Amino acid sequence: MGRESMRQNYQQGVDKYYGEHGSQYRNPHYPDLLRTVACVMDYLSPHLQPQEHYTGQLMQPEASNVLHMMDLACGSGEATLAIQQWVSRQDKFKGLSVVAMDPFTADAFKERTGLDCRTDSFLDVSNGLDVKVQVIVCSFALHLAPESLLYSLFMALGEATQYFVILSPHKKPIIKDPVSFELVHQGIENRIHFRIFKSIFAAE
């Protein structure tokens with residue numbers, strides 16, 4: 001399903017579309033996403049340290065020295081699976097701990113990854129998060145957040161992570177004020193736009 005098809009689907013309303021089809025959602029850009037996420041994680045890896053303590057679900061039972069991530073508006077788990085593939089190809093991190101959130105596609109995420117998924121919306125997250133992770137990834141979804149929420153959303157995310165990664169098929173959303181973040185890297189890889197923000201509260 002291409003970009004034009006998704007635009008047509010959204011004409012009925014984003015909430016209505018995902019409310020009806022969220023459990024069957026798949027991102028058609030997944031092959032490109034795999035390669036883009038690998039590039040992003042190669043950039044981030046020197047700035048991240050394996051964690052002994054985490055609040056997410058482990059993709060590898062009994063693993064320690066893990067990378068702790070949040071998949072925000074997670075779809076059917078494309079970003080989670082892409083990072084898991086990256087983790088499996090390197091030696092620094094021995095596992096992946098995941099906190100996933102999506103108000104519409106939780107069933108699709110669980111079916112594809114085997115992990116549970118919270119149903120927090122962008123509005124819920126903008127009111128504050130009860131977990132802290134190393135990396136938050138929002139893949140092909142942040143442009144769907146109301147512009148009026150972006151300030152409080154970025155503030156909440158900045159207090160919950162070291163790095164925030166936005167993946168998108170285009171330049172949207174336009175981030176005029178990243179609030180509690182600074183943009184440290186951006187580019188286009190495999191036709192996917194990526195932006196990496198570092199929290200001003202983060203310590204290396």
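These numbers come from a predicted model, not from an experiment. Atom set for the values below is all heavy atoms of this structure, side chains included, hydrogens, waters and symmetry mates excluded.
- Side-chain contact between Thr80 and Met59 is present, with heavy atoms from C-beta onward closer than 4.5 Å.
- In this structure, Val125 and Ala156 approach most closely via the heavy-atom pair O-CB, 3.2 Å.
- The shortest side-chain heavy-atom distance between Glu78 and Arg112 falls under the 4.5 Å cut-off.
- For the side-chain hydrogen bond (donor to acceptor under 3.5 Å, both in side chains) test, residues two or more places apart in sequence or in another chain that qualify with Lys110 are Asp116.
- Met101 and Val133 fall within the same hydrophobic cluster, defined by Ile, Leu, Val, Met, Phe, Trp and Tyr side-chain heavy atoms under 4.5 Å apart, directly or through other members.
- Put simply, the side chain of Ile196 reaches to within 4.5 Å of the side chain of Tyr43, judged on heavy atoms.
- Using a 4.5 Å cut-off between side-chain heavy atoms of Ile, Leu, Val, Met, Phe, Trp and Tyr, with links allowed through other members, Val98 and Phe140 fall into the same hydrophobic cluster.
- Between Leu72 and Leu157, the closest side-chain pair of non-hydrogen atoms falls below 4.5 Å.
- Taking CD1 of Ile175 as the start and CZ of Phe164 as the end, the distance is 7.5 Å to the nearest 0.5 Å.
- Remark: Asp130 pairs with Arg118 by the salt bridge (charged side-chain N to carboxylate O under 4.0 Å, His left out) rule, at least two apart or across chains.
- With contacts defined as side-chain heavy-atom distances shorter than 4.5 Å, the pair His68/Val99 qualifies.
- Asp42 and Ser45 share no donor-acceptor pair across their side chains, judged by distance under 3.5 Å alone.
- Contact detail for Gln49 and Phe93: the closest heavy-atom pair is C-CE2, 3.7 Å.
- Annotation for Phe197 and Pro178: closest pair CE2-CB, 3.9 Å, computed over non-hydrogen atoms.
- The aromatic rings of His170 and His143 sit perpendicular, their planes meeting at an angle over 60°, well past the 30° parallel limit.
- When hydrophobic clusters are built by joining Ile, Leu, Val, Met, Phe, Trp and Tyr residues whose side-chain heavy atoms come closer than 4.5 Å, directly or via intermediates, Tyr163 is grouped together with Leu33.
- Interatomic distance, SG of Cys39 versus CD1 of Ile188, reported as 13.0 Å (0.5 Å rounding).
- Of the options Phe181, Phe201, Phe122, a ring pair (Phe, Tyr, Trp, His ring centres under 6.0 Å) to Phe154 is made by Phe181 and by none of the others.
- Going from atom CG of Asn65 over to atom CG of Asp91 covers 12.0 Å, rounded to the nearest 0.5 Å.
- Side-chain N or O atoms of Ser168 include none that pairs as donor or acceptor with a backbone N or O of Lys171 at under 3.5 Å.
- Side-chain atoms of Gln51 and Ser97, non-hydrogen and from C-beta on, never get closer than 4.5 Å to each other.
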For the pair Cys74 and Asp102, evaluate side-chain contact (heavy atoms from CB on, under 4.5 Å) and give the outcome as yes or no after the intermediate values.
CA-CA 6 Å; Cys74 60; Asp102 198 300; 3.7 Å; yes
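- Side-chain contact check for Thr161 versus Met70: every heavy-atom pair is 4.5 Å or farther apart.
- From Cys117, atom SG reaches atom CD of Gln57 across 8.5 Å, with rounding to the nearest 0.5 Å.
- Leu150 approaches Ala145 most closely through the heavy-atom pair CD2-CB, 4.4 Å.
- Looking at Val184 and His47, their side chains never come closer than 4.5 Å, going by heavy atoms from C-beta outward.
- Residues Leu142 and Val179 fall within the same hydrophobic cluster, defined by Ile, Leu, Val, Met, Phe, Trp and Tyr side chains chained together at heavy-atom separations under 4.5 Å.
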Can Val87 and Met69 be said to form a side-chain contact (heavy atoms from CB on, under 4.5 Å), step by step?
CA-CA 12 Å; Val87 166; Met69 71 164 288; over 6 Å; no
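- Here the CD atom belonging to Gln162 is positioned 10.5 Å from the CD1 atom belonging to Ile136, to the nearest 0.5 angstrom.
- Taking hydrophobic clusters as Ile, Leu, Val, Met, Phe, Trp and Tyr residues chained together by side-chain heavy-atom distances below 4.5 Å, Leu129 does not share a cluster with Val135.
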After noting the C-alpha distance and the side-chain angles of Ile83 and Asp71, does the key distance pass the side-chain contact (heavy atoms from CB on, under 4.5 Å) rule?
CA-CA 10 Å; Ile83 292 179; Asp71 196 342; over 6 Å; no
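- Within the model, atoms NZ of Lys172 and CD of Glu147 stand 10.5 Å from one another, a figure rounded to the nearest 0.5 Å.
- Considering every non-hydrogen atom in both Pro50 and Lys92, the closest pair reads CG-O, 3.4 Å.
- Heavy-atom minimum distance, Val165 versus Leu44: CG2-CD1, 4.0 Å.
- A donor-acceptor distance shorter than 3.5 angstrom exists from the side chain of Thr36 to the backbone of Glu189, with no hydrogens or angles considered.
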